[in-house]
Amino acid sequence: MQRFIIKGGRRLRGELPLQGSKNSALPIMAATLLCGGECVLTGCPGLTDIYSAARILNYTGCRCTFSENTAAVDSRDIRETSIPEQLMREMRSSIIFMGALLGRTGECIVSIPGGCELGPRPIDMHLAAMRKMGIDIKESGGRIVCRAAAGKAHGARLSLAFPSVGATENIILCAVSAEGETVVNNAAREPEICDLCEFLRQCGADISGDGESRIIINGRNDLHGCEHRIMPDRIAGATYLSMTAATRGEMILSNACISEMEPFLSVLEQTGCSIYTGENRIYLRSGARLKAVSDRIRTMPHPGFPTDAQAVLMAALATADGTSVFEENIFDCRYRHTDALVKMGADIQVLGKVAIVRGVPLLHGASVEATDLRGGAAMVAAALAAEGTTEISRIDHIDRGYEKIEEAVGRLGGEMLRSG
Ligand code: EPU
């Protein structure tokens, strides 16, 4: 099992180009199934989750190759619509292949997906929406057997109880080739949804309203392949900026998506960091001290503060002057990183969905285990700021979302090695 060994105490400093977005690339890879042609995705991050998506595509009969941040997918021939449980378990996004396969073939067999353990992650909204679109769904022995009653899904008027990112994506994927019009009310507004819709429009899909809470899709059956550049990863961006703030450093994040990162940047700025933006670059300079954030940091669907940035910002605020309060509203169990931060000397009290972070002067190195992707990244941020050496195990969690993280940190002058 590999580990990261991090020697803390160095201020991060330098320029880093932002990687492509994992959470945008995954549904877009699933969407290539709908085109029945060749797609080229540039700016695709080299991550274990992306390789899992490529394995699913190849299993269905597509030809997916990956080289130098470009994924090429030829989806002319599909021969398999049943995804094995083992592939489904590799990541949460495997469930997105349900909508894409239904859109392309009118049938699929999937199972409950894997992914980070952040509390219960049901797929009831996905299934309810598919049923309304004319899909007959039977669950037996852990397998979810889906078939369009009329051979093809049909449009529907849908209202989501919560703006779920995954459910919105699955509905879009099923609806672009369905018969008639689909209206999704209370749709997720995350930038990655817009990137997916932009990709699909380039393939000939008729979609409007993405980025707002009502999305309208008119089904078509003449989609084709295209070339698309994956948007930058706003959460990886938030992570590297948080690491730099934690070490009281200074950095330029290039290839950044500034407006998409605004909900995060506006909170980070309250710590007293200077932030300047322009021409896809974010410049951050942290003073010698960080201030606690006085307003409660509430995670919310976009354009609220992103849940995926909660842990990494918490690592930076662990050594701020004063007390910051987080409220996690998206996932039931997304404070699993706090035990490791406390082991490193942080003062964090978790009370249900609230975490109270009282800033301490300094963290110290420790031996810790990554609990999930973003929680693991928070441990890296804390380790870079801490006195002494930290060893992080279960780094497979971190590799799911950060491309060569030790090289990125090294580029900023941090001391981080992969061992084993
Ligand atoms: N939910 C339900 N029923 C459903 C679907 C969702 O109750 O049918 C609940 C979930 O249990 C959760 C909430 O709704 O409490 C939000 O879930 P959502 O469906 O929006 O999240 P997701 O699609 O599973 C994506 C990202 C997550 C990110 C969330 C929220 C991908 C691959 N994953 O997950 O990213 O935290 O949206 O923004 O896009 C990460 O990258 O580390 C990560 C976990």
Side-chain angles (χ1 to χ4, degrees), residues 19-31 45 47-50 52-53 56 88 90-99 110 112-132 137 144 158-173 184 186-196 213 230-231 233-239 260 263-264 298-312 328-334 336-337 353 370-378 396-403 405:
Q19 68 179 59
S21 163
K22 164 181 85 81
N23 290 349
S24 172
L26 291 171
I28 291 177
M29 286 176 82
L47 301 168
T48 49
D49 272 11
I50 298 291
S52 296
I56 294 179
M88 287 297 298
E90 285 182 12
M91 59 167 181
R92 173 76 181 174
S93 278
S94 55
I95 196 62
I96 305 305
F97 283 84
M98 173 170 72
V110 294
I112 297 294
C116 285
E117 284 174 26
L118 311 172
R121 295 179 78 175
I123 54 165
D124 54 320
M125 282 190 256
H126 302 237
L127 299 182
M130 296 297 129
R131 284 191 169 107
K132 281 205 170 143
I137 302 178
I144 304 168
L158 304 163
S159 285
L160 298 181
F162 178 88
S164 154
V165 173
T168 303
E169 290 168 347
N170 246 335
I171 293 166
I172 293 169
L173 291 169
V184 196
N186 200 24
R189 298 158 66 189
E190 269 63 9
E192 293 76 16
I193 302 270
C194 300
D195 203 22
L196 169 65
S213 51
I230 302 293
M231 67 172 285
D233 194 316
R234 63 194 170 101
I235 305 302
T239 302
E260 289 80 357
F264 169 79
R298 295 184 165 89
T299 66
M300 302 286 270
H302 191 78
F305 184 85
T307 173
D308 293 341
Q310 173 254 105
V312 291
E328 172 57 52
N329 294 306
I330 308 296
F331 291 106
D332 286 348
C333 197
R334 214 172 191 180
R336 294 174 70 219
H337 52 280
K353 57 157 70 174
T371 45
D372 58 270
L373 166 56
R374 308 302 171 188
D396 51 304
H397 286 302
I398 301 173
D399 288 333
R400 293 187 36 226
Y402 296 94
E403 189 171 26
I405 187 170

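Note: hydrogens, waters and symmetry copies are ignored here, and every other heavy atom, side chains too, is used. Nothing fancy with the numbering, it's 1 onward along the sequence. Ligands are counted one by one from 1 in listed order, and the atoms in each one are counted from 1 as well. None of these values were measured; they are calculated from a predicted model.
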Proximity winner for atom 26 (C) of ligand 1, if only heavy atoms of Asp332, Asp124, Asn23, Ile235 are counted: Asn23
Met300 heavy atom under 4.0 Å from ligand 1: no
Subset of ligand 1 atoms that lie under 4.0 Å from at least one heavy atom of Thr307: 30 (C), 36 (O)
Which segment of Met91 sits under 4.0 Å of ligand 1 when only heavy atoms are counted: neither
Interfacing atoms of ligand 1 (cut-off 4.0 Å, heavy-atom, Ile330): 12 (C), 13 (C), 15 (O), 16 (C)
With sequence neighbours excluded, residues passing side-chain hydrogen bond (donor to acceptor under 3.5 Å, both in side chains) with Thr168: none
Side chain to side chain donor-acceptor pair (under 3.5 Å) evaluation trace for Asn170 with His126: CA-CA 7 Å; Asn170 246 335; His126 302 237; 3.0 Å; yes
Under-4.0 Å salt bridge between Asp308 and Arg334: yes
Within-cut-off N or O pair, Arg374 and ligand 1, under 3.5 Å: yes
Asn329: side-chain contact (heavy atoms from CB on, under 4.5 Å) partners, not counting sequence neighbours: Arg298, Thr299, Met300, Glu327, Lys353
Interfacing atoms of ligand 1 (cut-off 4.0 Å, heavy-atom, Lys22): 40 (C), 41 (O)
CG on Leu158 to CZ on Arg131, rounded to 0.5 Å: 13.5 Å
Under 3.5 Å: donor-acceptor pair, side chain of Glu192, backbone of Asp195: no
Element-labelled atoms of ligand 1 that are located less than 4.0 Å from some non-hydrogen atom of Ser93: 32 (C)
Contact atoms of ligand 1, heavy-atom distance to Phe162 under 4.0 Å: 13 (C), 14 (O), 16 (C)
Spatial distance of atom OG1 (Thr48) from atom OH (Tyr402) [nearest 0.5 Å]: 12.5 Å
Shortest reach to atom 20 (O) of ligand 1 by a heavy atom, considering only Thr299, Asn329, Leu26, Val165: Val165
Spacing of Ile96 atom CD1 and Glu169 atom CD [to the nearest 0.5 Å]: 4.5 Å
Ala167, Gly166, Pro122: member with heavy atom nearest to atom 5 (C) of ligand 1: Pro122
Where ligand 1 meets Leu373 - atom numbers and elements under 4.0 angstrom, heavy-atom basis: 42 (O)
